[in-house]
Amino acid sequence: MRKLLIFSAAFCAADILYVCLLPGSWIFLLAAFAAVLSFACFLMKGPDLRRAAIFLLGFSAGLLWCCGYRAAFVRPAEDLDGKTRTVTARISDYPQKTNYGFSVTADLIVNGRTCRCLMYLSGKGGTLQPGDTVNVKASLSAANQDIREGDSVYYRSRGIVLIAKTSGDPDIRSKSYGALRDLPVRFGHLLKNTAEKLFAPDTAGMITALLTGDKTGLTEQQRFQLTDSGVYHTVAVSGMHVTILLGIVLLLCGSGSWLGSAVGIPVVLFFILMVGGTPSAVRAGCMQIIFLLAPVLRRENDPPTSLAAALLFLLIGNPWSVLNVGLQLSFASVTGIFLFAGKLYEPISKKKWVRRLLSLRCLGWLAKTMLAAFCCSIASMIFSMPFTVWHFGVVSLIAPLTNVLVLWTITLIFSAGLVICLLGLAAAPLAWGPAWLLNWLVRYVFVVTGALSKIPYASVGTDNPYLLGWLILFYLFILGICIRPRAFFSAAGAGAVTAALVCSIVLSVLDYRSSDFVFTALDVGQGQCLILSSHGDTTMIDCGGSDPAEAGEQAARYLEAQGEFQIDHLILTHYDADHAAGVRQLLERIRVREIILPQMEDDSGEKAIVREAAAKHGCGMEILKKDETIALESGEIQLFAPTSGKNDNDSGICVLASASKYGILVTGDLSAAGEYRLMSLHELPDVQLLVAGHHGAADSTSQTLLDSVLPETVVISVGENSYGHPNADTINRIRNSGAVIYRTDETGNITIRG
């Protein structure tokens with residue numbers, strides 16, 4: 001079976017080269033060269049040459065397969081890019097609610113060709129079900145992002161090659177609700193509805209996520225505390241869930257028997273389809289199927305080969321899935337567990353106090369489970385930690401402890417939740433009692449993760465150079481533990497790493513507070529979140545972004561990384577979600593002394609949400625009715641009250657901050673007309689930094705304002721959007737004024753120190 005391992009590794013290498021590096025003109029030449037070398041090696045004798053031949057054959061096959069996949073599935077979608085037409089589509093999932101309607105995956109049929117697409121629908125699109133065939137007019141755009149051009153590959157890595165934005169309600173042409181292909185998705189939806197009826201509102205989301213992979217039922221707070229405590233992977237249907245499910249089947253049918261394989265394989269396949277074919281589920285499913293088939297085919301089960309075969313299967317289905325974050329983390333974690341978990345478990349289990357725990361009659365099984373969870377957590381970090389740092393810029397340090405305390409409960413919750421939901425489908429009254437009991441086990445998970453996630457530095461961001469340096473040291477320490485556990489796993493080693501963490505935190509805090517001021521524009525996507533700190537006095541201006549709750553969480557992580565656990569003043573320029581909707585999550589993590597709001601009405605409801613959250617957390621609140629000045633140790637912050645008398649972009653607060661003779665002007669979403677009014681009412685000084693109004697929109701950051709305040713630097717807080725921000729004319733105006741432009745969508749967080 002090791003031949004399959006070599007072939008799969010070569011196929012994967014070719015896939016990565018094609019997707020990330022190689023230009024198209026060299027592909028066929030390289031594939032042909034590899035094929036010729038492979039044939040030559042086959043003709044020669046020797047095991048090493050045979051292995052080289054298999055590797056070269058896999059490499060050539062990988063390149064050719066990527067070319068064929070692009071020609072068959074991607075180029076037809078690219079031909080439709082930018083076109084608007086009436087299309088026929090077969091719905092393959094249930095619609096998901098969005099801010100503007102619904103989105104759903106579908107197989108789009110155009111000119112006799114089928115393309116996997118993501119459709120955005122109007123409000124009535126929420127009634128669609130898997131199996132519906134619809135006609136609808138849609139604007140089509142190819143999800144042809146290219147990593148070589150620096151674009152996002154989110155959709156392509158999930159097999160979606162077209163984006164269809166529909167206009168009007170879809171016309172349902174036919175229904176095929178009995179189709180076998182839709183049965184897993186429909187059953188998953190039925191399990192979700194059953195879980196929502198049986199379990200309490202605060203626990204149903206967790207049960208649904210474990211059973212079906214649908215995480216929409218989790219609250220924002222639950223998602224963040226699971227992430228910060230390092231166990232969010234438990235609700236992203238993983239190999240653990242597939243293993244538990246197969247374990248139940250084999251327990252009932254017998255391990256190693258024909259019956260176990262005959263029942264287990266269909267059950268595993270059904271579960272993979274039910275949860276949407278996520279990479280982690282497919283990876284685990286392939287490995288378990290190989291495990292079941294090995295004795296039947298009289299082959300020895302080889303975990304590395306099984307892992308490679310699973311990757312090969314995923315890449316054949318979609319070569320761009322190699323860029324899927326879930327796939328990378330899943331395979332990296334499992335590889336680390338295969339290589340190092342056993343090496344860790346053995347020396348730790350031989351320690352005297354550990355042996356005593358493991359030998360306990362009543363709690364020995366729990367101690368073994370906790371120790372296994374700890375070893376697996378440490379081992380998985382070896383390869384997954386670099387991917388986590390690269391993609392998310394944050395690492396959970398508390399994860400090993402959290403896994404020890406809660407991972408054992410996930411097996412019970414998943415198993416019991418599945419049995420209870422199946423019982424609820426047959427006779428709901430019989431399931432109410434067990435469901436009530438299981439609620440408390442789920443609440444235990446949330447209590448533990450909530451408490452651990454609030455520990456200072458439970459998770460560490462990488463935008464702090466001191467903490468980034470410590471993370472490198474921590475990674476080397478973990479690597480040393482896994483390679484030589486007896487030498488590195490000691491109190492002295494752990495103490496040294498802890499002392500290094502304390503030193504990095506102290507240096508970080510001293511560096512941050514020693515500056516006269518530190519101004520940071522956080523990269524929150526399409527939104528704005530600005531932080532001004534001066535000698536321990538912290539002011540935040542706005543808190544919202546593409547994902548508003550994520551903006552609040554990101555702001556909290558940034559401040560905690562600098563040793564700041566309190567905001568003295570939170571100023572909201574206005575109530576648009578991209579400026580204010582992150583406040584609720586921010587208040588869950590950071591203490592805010594005072595929130596300053598504009599005197600204006602709000603139709604979106606954000607004002608009421610902010611006031612409710614402020615009351616819940618005991619924050620002071622002020623409605624700004626007239627101009628006000630906040631004194632700082634090295635300067636001041638002037639707040640200009642709204643003057644337009646309307647409820648529009650011109651009715652927000654403007655902020656002029658000065659620290660150590662460095663001036664900063666923030667105008668919110670003020671239009672050119674609002675800027676004229678501001679300048680007519682106030683004598684604005686020259687400023688060194690101007691935050692572009694309305695994310696660089698065409699009607700903001702006027703030439704008159706630029707000529708008046710003469711900024712040296714202009715910061716544009718912007719992310720991917722459909723509004724055309726920042727506008728090209730605005731960019732040209734700023735450049736012609738002589739100012740240097742920095743954009744959060746290009747440079748990430750922008751920090752200026754004085």
Side-chain angles (χ1 to χ4, degrees), residues 202 219-225 228 446 450-451 453-454 456 520-522 524 527-534 536-560 562 564-632 637-642 647 649 651-655 657 666 668-669 717:
D202 61 322
T219 66
E220 294 170 349
Q221 184 61 23
Q222 289 171 345
R223 285 194 295 113
F224 288 128
Q225 68 186 42
D228 291 336
F446 287 137
S453 65
K454 291 180 180 179
T520 301
L522 293 180
V524 291
Q528 183 165 282
C529 185
L530 312 173
I531 301 172
L532 176 63
S533 181
S534 177
D537 192 307
T538 302
T539 300
M540 181 178 291
I541 305 170
D542 290 336
C543 186
S546 299
D547 183 339
E550 181 63 37
E553 182 72 11
Q554 185 178 344
R557 288 173 181 165
Y558 172 83
L559 288 171
E560 289 179 351
Q562 315 306 325
E564 297 286 353
F565 298 94
Q566 174 179 287
I567 296 173
D568 296 285
H569 308 284
L570 171 58
I571 304 163
L572 299 185
T573 59
H574 59 297
Y575 299 114
D576 283 359
D578 59 344
H579 289 254
V583 172
R584 181 168 57 179
Q585 178 59 29
L586 175 71
L587 295 181
E588 294 287 343
R589 294 284 308 277
I590 294 289
R591 181 176 181 268
V592 177
R593 287 180 51 204
E594 181 185 33
I595 301 179
I596 301 175
L597 308 174
Q599 187 180 28
M600 60 181 290
E601 297 300 322
D602 170 46
D603 297 329
S604 68
E606 290 298 337
K607 181 178 181 180
I609 293 173
V610 170
R611 298 185 70 163
E612 180 183 350
K616 173 184 175 183
H617 294 280
C619 303
M621 192 181 314
E622 178 187 352
I623 303 297
L624 189 70
K625 299 179 180 179
K626 60 180 181 179
D627 296 350
E628 187 175 306
T629 299
I630 300 173
L632 302 176
I637 298 175
Q638 297 181 60
L639 306 179
F640 301 130
N647 295 317
N649 287 340
S651 58
I653 296 175
C654 294
V655 181
V666 181
D669 280 357
S717 182

Answer whether the closest heavy-atom distance between the side chains of [X] and [Y] falls below 4.5 Å.
| X | Y | answer |
| --- | --- | --- |
| Ile653 | Pro642 | yes |
| Arg611 | Ile595 | no |
| Thr629 | Leu639 | no |
| Met540 | Val592 | no |

Starting at [atom1] of [X], measure out to [atom2] of [Y] and round the result to the nearest 0.5 Å.
| X | Y | atom1 | atom2 | value |
| --- | --- | --- | --- | --- |
| Leu559 | Ile567 | CG | CD1 | 5.0 Å |
| Asp547 | Gln554 | CG | CD | 10.0 Å |
| Leu530 | Ile571 | CG | CD1 | 10.0 Å |
| Gln528 | His574 | CD | NE2 | 8.0 Å |
| Leu572 | Glu606 | CG | CD | 9.5 Å |

Specify the closest pair of heavy atoms between [X] and [Y], including all atoms of both residues, with the distance to one decimal.
| X | Y | value |
| --- | --- | --- |
| Lys607 | Met600 | NZ-O, 3.1 Å |
| Gly552 | Leu586 | O-CD1, 3.8 Å |
| Asp627 | Ala641 | OD1-N, 2.9 Å |
| Thr520 | Tyr558 | OG1-OH, 2.7 Å |
| Pro548 | Ala581 | CB-CB, 3.2 Å |
| Ser651 | Pro598 | O-CB, 4.1 Å |

Exercise. For residues 577-593, which residue pairs qualify under salt bridge (charged side-chain N to carboxylate O under 4.0 Å, His left out), counting only residues two or more places apart or in two chains?
Worked result: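 For residues 577-593: Glu220-Arg584, Asp228-Arg589, Glu553-Arg589, Glu560-Arg589, Asp568-Arg593, Glu588-Lys616.
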Exercise. Where do Thr573 and Asp669 land on the side-chain contact (heavy atoms from CB on, under 4.5 Å) test, with the steps shown first?
Worked result: CA-CA 8 Å; Thr573 59; Asp669 280 357; over 6 Å; no
Seminar exercise, completed: Exactly one candidate in Leu624, Ile637, Ile541 meets side-chain contact (heavy atoms from CB on, under 4.5 Å) with Ile596; the answer is Leu624
Output yes when a side-chain donor or acceptor of [X] lies under 3.5 Å from a complementary backbone atom of [Y], and no otherwise.
| X | Y | answer |
| --- | --- | --- |
| Ser717 | Gly527 | yes |
| Thr219 | Gln222 | yes |
| Tyr575 | Leu597 | no |
| Gln225 | Phe446 | yes |
| Asp542 | Gly668 | no |

For this session: Go through Thr539 and Ile630 one step at a time and tell me if the side-chain contact (heavy atoms from CB on, under 4.5 Å) criterion holds.
Result: CA-CA 10 Å; Thr539 300; Ile630 300 173; 5.6 Å; no
For this session: Kindly check if the number of other-residue, nucleotide or ligand heavy atoms within 6.0 Å of CD (Gln566) is above 12?
Result: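 Counting other residues, nucleotides and ligands, CD of Gln566 exceeds 12 neighbours.
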For this session: List the steps and the verdict of side-chain contact (heavy atoms from CB on, under 4.5 Å) for Ser533 and Glu564.
Result: CA-CA 9 Å; Ser533 181; Glu564 297 286 353; 4.0 Å; yes
